[in-house]
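Order of the sequence lines sets the chain letters (A, B, ...), proteins ahead of strands, with each chain counted from 1.
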2 protein chains.
Amino acid sequence: MDIKQRGKVDIVAVANAAKVSASTVSRSFNHPDLVNPATRKKIDRAVKKLGYIRNRAAQSMHGRRSGTIGLVVPTINHAIFAEVIQAFSDAIDQEGFTLLIASHGYDLDREYEMIRKLMEHRVDGLALIGLDHTRETYRLLEQQDVPTLAIWTHDQDSPIPCVGADNLEAGRMAARHLVGLGHREIGLIFPATQNNDRARQRKIGALEVFQSAGISVPEEWQPEAPYSIAQAKQMTLDLLTLDQRPKAILCGNDVIAQGALFAAQRIGLQVPQDLSIMGIGDFKGSADTEPGLSTVRIPAGRIGQMAGSHFSSYVTSEDRGLFRFKCNLSLVQRGTTASVTR
Amino acid sequence: MDIKQRGKVDIVAVANAAKVSASTVSRSFNHPDLVNPATRKKIDRAVKKLGYIRNRAAQSMHGRRSGTIGLVVPTINHAIFAEVIQAFSDAIDQEGFTLLIASHGYDLDREYEMIRKLMEHRVDGLALIGLDHTRETYRLLEQQDVPTLAIWTHDQDSPIPCVGADNLEAGRMAARHLVGLGHREIGLIFPATQNNDRARQRKIGALEVFQSAGISVPEEWQPEAPYSIAQAKQMTLDLLTLDQRPKAILCGNDVIAQGALFAAQRIGLQVPQDLSIMGIGDFKGSADTEPGLSTVRIPAGRIGQMAGSHFSSYVTSEDRGLFRFKCNLSLVQRGTTASVTR
DNA sequence: AATAGTATTGCAAATGTTTTCATAAATTGA
DNA sequence: TCAATTTATGAAAACATTTGCAATACTATT
């Protein structure tokens with residue numbers, strides 16, 4: 001503890017303490033097999049003693065990787081993204097990467113700025129949510145030629161690698177479930193669909209199924225809800241107090257569905273007897289509401305985990321051929337949906 | 001678009017294109033007032049044309065700041081942390097910082113590893129949750145002398161700067177509310193309290209109030225629940241099906257409280273008539289359950305926001321005197337608590 | 001014992017930037 | 001018009017590493 005020069009310990013300080021050259025210290029970290037075990041021991045001791053911590057910034061200047069992966073999400077504070085982020089983070093951590101994160105609040109111009117910001121830090125790869133991005137963003141990605149990944153959306157024609165689920169199909173499955181139960185008077189509560197391919201695809205899928213079943217959904221039964229339980233609850237309340245109200249509601253995601261469920265309970269409607277509620281996503285907690293939420297399971301944890309592990313290897317490998325992974329959906333019928341009684 | 005040397009555009013490439021020296025380009029970025037407006041314009045054009053993006057890694061090698069702040073949380077995937085992280089991220093972003101994030105799953109040895117990892121990236125500051133950390137962690141922080149912040153816990157004797165609320169008081173407030181309503185048969189569901197000063201303090205505060213009201217809580221009315229709705233629901237179910245069951249439950253946080261509420265509904269108990277449920281935290285969504293959750297409001301968004309903005313200035317300033325901010329709590333009575341009817 | 005490898009190490013150049021110092025050009029004041 | 005400032009720019013050193021190359025020491029083979 002003699003020379004505790006707080007903070008200013010670099011590789012040459014270690015080298016001096018171990019009486020070797022800086023190169024040897026460097027090698028001892030990066031190619032341990034190239035240095036004599038005895039020397040390595042001396043170096044390790046010096047490192048311990050001085051409290052040396054490698055400087056990745058300096059490393060990355062050498063064409064070496066920075067060891068970071070950037071992730072840009074619409075928002076962190078939402079059940080679904082929180083789960084994906086967690087899984088993604090764990091997966092890349094396992095491969096030695098660190099996560100740089102930024103959010104844009106569903107504003108694609110801010111997304112562009114965030115991406116630039118992360119690029120300044122020379123992330124080794126950049127993961128985004130979905131495939132809806134501005135033209136500038138795509139241009140930037142191509143120009144800077146940073147490995148990029150789309151999480152959450154699977155599209156077999158995507159211009160960049162993707163790991164996700166088929167949202168069109170998710171919408172269809174949810175709709176089919178309702179139709180299969182004999183429902184025809186159905187409301188639709190979705191988030192805004194511009195700039196959000198996930199929500200858009202789901203809605204398209206659902207409407208497609210309804211149309212081919214000869215069901216039409218009036219405009220006033222299609223309110224738009226932002227991503228919050230409170231507002232979804234309010235929207236549902238409005239919808240349910242119309243003169244004519246639907247007997248079933250298909251929600252763009254489980255957060256909205258939870259809001260809808262609470263709204264129904266609020267005005268004393270029996271779910272599912274008086275009203276069926278269908279979600280999409282199967283978020284954490286959806287299984288536990290009373291009654292449990294019927295939904296289409298999108299395996300967020302698995303998507304995040306696969307995205308993380310595959311992207312890590314993609315980034316470290318030379319091969320730039322793009323890859324696409326599709327995660328399977330499944331219908332989860334719980335207590336909020338039932339066949340129409342009449 | 002003539003010389004689109006994808007990716008390998010550095011400051012001297014820009015300098016050449018603009019026919020000035022690298023120094024001037026650098027200055028034009030960092031001290032624009034020192035360079036002739038005309039030259040600046042030339043440089044800007046070259047930057048645009050080549051698609052140049054600054055390299056913060058190279059910058060930070062100069063004793064310059066890295067422009068990153070590290071955040072280590074127990075988990076990202078939890079209502080409460082998601083909200084803090086979001087607010088913190090937004091606040092530091094506004095000051096030009098980027099967030100490096102890592103989680104440790106309530107394992108303090110992993111926390112140590114994560115902190116080291118972030119230090120390798122030379123974060124300008126490091127924010128942690130709470131004040132419970134290993135001895136090694138504290139030693140590392142001091143030795144490396146990285147500005148550190150504790151979020152979420154306020155302690156007027158904390159060894160490092162902190163921004164948060166008084167958890168002891170939160171526990172007391174929740175307990176007092178129940179006692180004030182005449183409850184004496186009270187169960188307590190908390191997460192594990194070792195390595196978690198927030199939960200521990202709350203529980204201590206609550207028990208303190210009960211004790212001075214002459215209320216004792218039997219061991220079997222104090223199950224331990226991890227941070228998940230599903231498991232909290234199960235624990236509550238177990239608790240409520242004992243021969244003797246409490247008339248009120250105080251939950252260590254709102255996630256547990258939601259689980260408890262669903263459990264009660266599951267077995268047909270009327271809340272609050274048959275059972276009062278009290279939470280702590282006031283998470284997003286707590287206001288919207290049916291009935292709405294009574295709880296102690298801890299302003300997570302505000303804490304994250306204050307933590308972020310104060311820490312940003314702390315990190316950039318020379319002054320290393322430590323600061324402490326306490327955010328106020330408030331009792332929010334909604335529908336899950338009522339006075340005992342007997 | 002001499003030769004050919006092989007294992008281990010150090011030197012120096014390179015990485016992309018910022019900053020100090022020096023120089024040149026332009027402006028001001030007399 | 002000349003000296004004294006002021007303004008604008010460039011050259012070179014510095015930052016903390018990695019790595020190619022060369023040098024040395026050691027080992028095995030004949």
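Along DNA chain D, the nucleotide nearest A:Ile53 and the nucleotide nearest B:Asp33 are compared for position; the residue whose nucleotide lies closer to the 5' end is B:Asp33. Place B:Ile11 and A:Thr24 on DNA chain C by their nearest nucleotides, and A:Thr24 ends up nearer the 5' end.
Here D:dA14 presents its P atom at 14 Å from CG of A:Asp10, a figure rounded to the nearest Å. Remark: C1' of D:dC26 and CG of A:Asn36 are 11 Å apart, rounded to the nearest angstrom. Atom CG in B:Asn55 sits about 9 Å away from atom P in C:dT18, given to the nearest Å. Rounded to an integer number of Å, the gap from B:Lys42 NZ to D:dG10 P is 8 Å. D:dC21 atom P lies 15 Å from atom CG of A:Leu34, rounded to whole Å. The distance between atom NE2 of A:His121 and atom C1' of C:dT17, rounded to the nearest whole Å, is 15 Å. Atom-to-atom, CZ of A:Phe29 to P of D:dT19 comes out at 14 Å; the value is rounded to the nearest Å. We find that CG of B:Asn16 is positioned 13 Å from C1' of D:dG10, with the value rounded to whole Å.
In terms of phosphate contacts, B:Arg54 brings no side-chain nitrogen or oxygen within less than 4.0 Å of OP1 or OP2 of C:dT18. Between A:Gln59 and the phosphate of D:dT18, there is a side-chain N or O to OP1/OP2 separation shorter than 4.0 Å. Neither OP1 nor OP2 of D:dT17 sits under 4.0 Å from any side-chain N or O of A:Ser26. At C:dT9, none of the side-chain N or O atoms of A:Ser21 fall inside 4.0 Å of OP1 or OP2 (strictly under the cut-off). Phosphate contact (OP1/OP2 of C:dT19, side-chain N/O of B:Arg64, threshold under 4.0 Å): present. Between B:His31 and the phosphate of C:dT19, there is a side-chain N or O to OP1/OP2 separation shorter than 4.0 Å. When the side-chain nitrogen and oxygen atoms of A:Ser23 are compared with OP1 and OP2 of C:dA12, none of them lie within a distance under 4.0 Å.
Checked against A:Ile160 for a side-chain contact (heavy atoms from CB on, under 4.5 Å), the options A:Leu149, A:Leu131, A:Asp155 give a single hit: A:Leu131.
Residue side chain B:Arg27 reaches the base of D:dG10 through a donor-acceptor N/O pair under 3.5 Å, judged by distance alone.
Nearest nucleotide to the A:Ala58 side chain, out of C:dT9, C:dG16, D:dA16: D:dA16. Listed nucleotides: C:dT15, C:dT17, C:dT9. Nearest to the side chain of A:Met61: C:dT15.
Counted by atom type alone, A:Ser313 and A:Glu95 present zero donor-acceptor pairs between their side chains at under 3.5 Å. There is no side-chain donor-acceptor pair under 3.5 Å between A:Asp107 and A:Tyr112.
The residue B:Thr39 sits close only to the backbone: its heavy atoms come under 4.0 Å of sugar-phosphate atoms, none of a base. Note on A:Tyr52: only backbone sugar-phosphate atoms sit closer than 4.0 angstrom, heavy atoms only; bases stay farther off.
Side-chain contact between A:Gln59 and A:Asn30 is present, with heavy atoms from C-beta onward closer than 4.5 Å.
Judged by the 6.0 Å and 45° rule, B:Arg302 forms no cation-pi pair with B:Phe325.
Between B:Phe311 and B:Phe97, the distance from one ring center to the other does not fall under 6.0 angstrom.
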